[in-house]
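In what follows, a structure is listed as structure tokens, so that the remarks can point back to it.
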Amino acid sequence: MLMARLQRIMNRYVEYFNLKDVNLELVITKDMYETQKNYGFSETDTQRISEAVARQNWKHVAACMKFPKSIDDSFALIFKEPYLRKVEECELYRLMFHELTHYVDYKEYARIHNLKSYQELFHSQQTVLFQNWSEYHAERRGYAAYLKHRHGVRLQYDVTPKKIKIMEDETLRNLMFYAEHYTNTAEYGSSRQIYFTMHLLARMSIWMQILPSHVAEILSKDPFNYKGIEWIKKLMLLFAQYPTLEKMDPHLMDIAKIIAENLALPKEEIYDLVASMDAIDEIIC
């Protein structure tokens with residue numbers, strides 16, 4: 001039943017974005033940590049954090065994408081069964097659209113850079129910046145699917161009292177959720193601030209597209225009581241200017257510049273900071 005629901009949602013994505021030659025395996029598991037080790041690269045191929053830390057991190061993962069060793073092999077999308085069983089259909093749409101967008105992004109990145117193997121991703125500093133952009137892109141599509149199937153909100157400019165109320169409620173909920181995660185460095189680590197900021201940026205950018213004047217007013221009041229707001233404003237402008245990976249790819253370094261400005265770090269240290277994220281460990285959530 002769960003697999004059929006996921007497959008149906010995946011088919012909707014494939015049809016909507018007109019994907020060709022889709023090579024994917026869907027996996028549902030009760031134990032994300034143990035299952036994910038059967039896909040992708042071996043432990044000796046990548047840098048690994050300690051097992052205790054890895055297991056702790058995997059407790060929070062509802063879904064992930066694992067890319068293959070060979071450029072022609074299938075990707076794996078892995079989903080946590082207990083989580084799937086307790087959430088609404090709109091959240092299944094968000095998860096599937098999010099992970100499928102990572103799949104699309106990595107295939108496109110490999111094409112643009114003429115990669116012969118996905119292992120080459122671990123040899124380029126630029127990859128960590130691309131991964132951050134992909135988190136934004138994936139959550140943007142995922143959140144758009146969520147809004148459509150939860151509230152009936154479509155990505156078009158249409159100012160109505162109902163839509164404004166939904167935006168206000170969603171914005172408050174997102175701010176509270178991501179502010180808590182952003183500031184909880186004891187559990188998540190300071191490097192995850194970039195990850196959470198990308199997700200919040202994606203959600204705010206959707207509302208900026210639908211109700212630009214209303215969101216602009218919210219942002220102008222600086223309601224976020226954490227430094228991520230500066231990233232939101234500058235990165236939103238950058239990503240709006242280059243909306244596709246092909247256009248964004250030559251400007252990925254600008255992401256590091258913006259983050260460096262707001263963290264008061266040299267650009268070189270940004271690579272080290274972002275590279276410590278779980279995502280660089282072939283885990284794309």
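All residue numbers in this chain count up from 1 along the given sequence.
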Heavy-atom closest pair, residues L252 and L129: O-CD1, 3.5 Å
Non-hydrogen atoms of A63 and L95 that approach each other most closely: CB-CD2, 4.0 Å
Below 4.0 angstrom, N of the basic side chain to O of the carboxylate: do R111 and E108 qualify? yes
Rounded to the nearest 0.5 Å, what's the gap from NE2 on H137 to CG on L201? Could you check? 12.0 Å
Pairwise distance OH(Y146) to CD1(I206) - rounded to 0.5 angstrom: 13.5 Å
Here the gap from I166 atom CD1 to W207 atom CH2, rounded to the nearest 0.5 Å, amounts to 6.0 Å
Any chance you could lay out the side chain to side chain contact (heavy atoms under 4.5 Å, CB included) test for R203 and R173, step after step, and finish with the verdict? CA-CA 11 Å; R203 295 184 176 218; R173 186 176 64 84; 3.8 Å; yes
Enter the distance from D254:CG to L237:CG here, rounded to the nearest 0.5 Å. 12.0 Å
Going by atom types alone, do R150 and Y93 pair a side-chain donor with an acceptor below 3.5 Å? no
Is it true that H102 and E135 share a donor-acceptor pair across their side chains at a distance under 3.5 Å? yes
Lys/Arg-Asp/Glu bridge criterion (N-O < 4.0 Å) met for R8, E89: yes
Check the orientation of F17 and F97. Use parallel for under 30°, tilted for 30 to 60°, and perpendicular for over 60°. perpendicular
To the nearest 0.5 Å, what is the distance between CD (E139) and OG (S205)? 10.0 Å
Are Y118 and Y106, when compared by the centres of their aromatic rings, separated by less than 6.0 Å? no
Worked verdict on F196 versus L200 for side chain to side chain contact (heavy atoms under 4.5 Å, CB included): CA-CA 6 Å; F196 290 122; L200 178 56; over 6 Å; no
Where do M3 and L26 land on the side chain to side chain contact (heavy atoms under 4.5 Å, CB included) test, with the steps shown first? CA-CA 8 Å; M3 182 61 76; L26 299 184; 3.8 Å; yes
Report yes if the side chains of L92 and F79 come closer than 4.5 Å at any heavy-atom pair, otherwise no. no
In short, I210 meets R154 closest at the heavy-atom pair CD1-O, 3.8 Å
Do E25 and Y39 touch side chain to side chain, with heavy atoms closer than 4.5 Å? yes
Can you check whether E88's main-chain N or O pairs, donor with acceptor, with E91's side chain at less than 3.5 Å? no
Just by modelled atom types, is the K59 backbone N or O under 3.5 Å from a matching donor or acceptor in the K80 side chain? yes
Please tell me if the side chains of F75 and M65 come closer than 4.5 Å, counting only heavy atoms from C-beta onward. yes
With no hydrogens and no angle check, is any side-chain donor or acceptor of Y103 less than 3.5 Å from a backbone partner on N23? yes
Tell me if the centroids of the rings in H199 and H98 come within less than 6.0 Å of each other. yes
So, S117 side chain and K69 main chain: donor-acceptor pair closer than 3.5 Å or not? yes
Search all heavy atoms of S74 against all heavy atoms of P68 and return the closest pair with its distance. O-CB, 3.4 Å
Do you see a donor-acceptor pair shorter than 3.5 Å between the side chains of R140 and Q209? yes
Considering only heavy atoms from C-beta outward, does the side chain of L77 approach that of K66 to under 4.5 Å? no
Assess whether a salt bridge exists between E81 and R85, defined as any Lys/Arg side-chain N lying under 4.0 Å from an Asp/Glu carboxylate O. yes
R141/E99 salt bridge by N-O under 4.0 Å criterion: no
Between the side chain of S134 and the main-chain N/O of Q131, is any donor-acceptor distance below 3.5 Å? no
Can you tell me how far OH of Y13 sits from CD1 of I9, rounded to the nearest 0.5 angstrom? 13.5 Å
Going by distance alone, is a donor N or O of one side chain under 3.5 Å from an acceptor N or O of the other, for E15 and N11? no
Side chain to side chain contact (heavy atoms under 4.5 Å, CB included) evaluation trace for L84 with R5: CA-CA 10 Å; L84 298 185; R5 292 167 69 189; over 6 Å; no
Least distance between heavy atoms, P243 atom then W133 atom: O-CZ2, 4.0 Å
Find out whether L147 and L155 are in side-chain contact, i.e. whether some heavy atom of one side chain is under 4.5 Å from a heavy atom of the other. no
Are V27 and N38 side-chain neighbours, meaning at least one heavy-atom pair lies under 4.5 Å? no
Search all heavy atoms of D105 against all heavy atoms of F130 and return the closest pair with its distance. O-CZ, 3.6 Å
Carboxylate-amine/guanidinium contact K165 D169, below 4.0 Å: yes
Give a yes or no on whether the backbone of Y33 and the side-chain of Q36 come within a donor-acceptor separation of less than 3.5 Å. yes
Under 4.5 Å between any side-chain heavy atoms of L115 and Y109, yes or no? yes
Residue pair K20 / V14, side-chain heavy-atom distance below 4.5 Å: no
Ignoring hydrogens and angles, state whether a donor on the side chain of E170 or H151 is under 3.5 Å from an acceptor on the partner side chain. yes
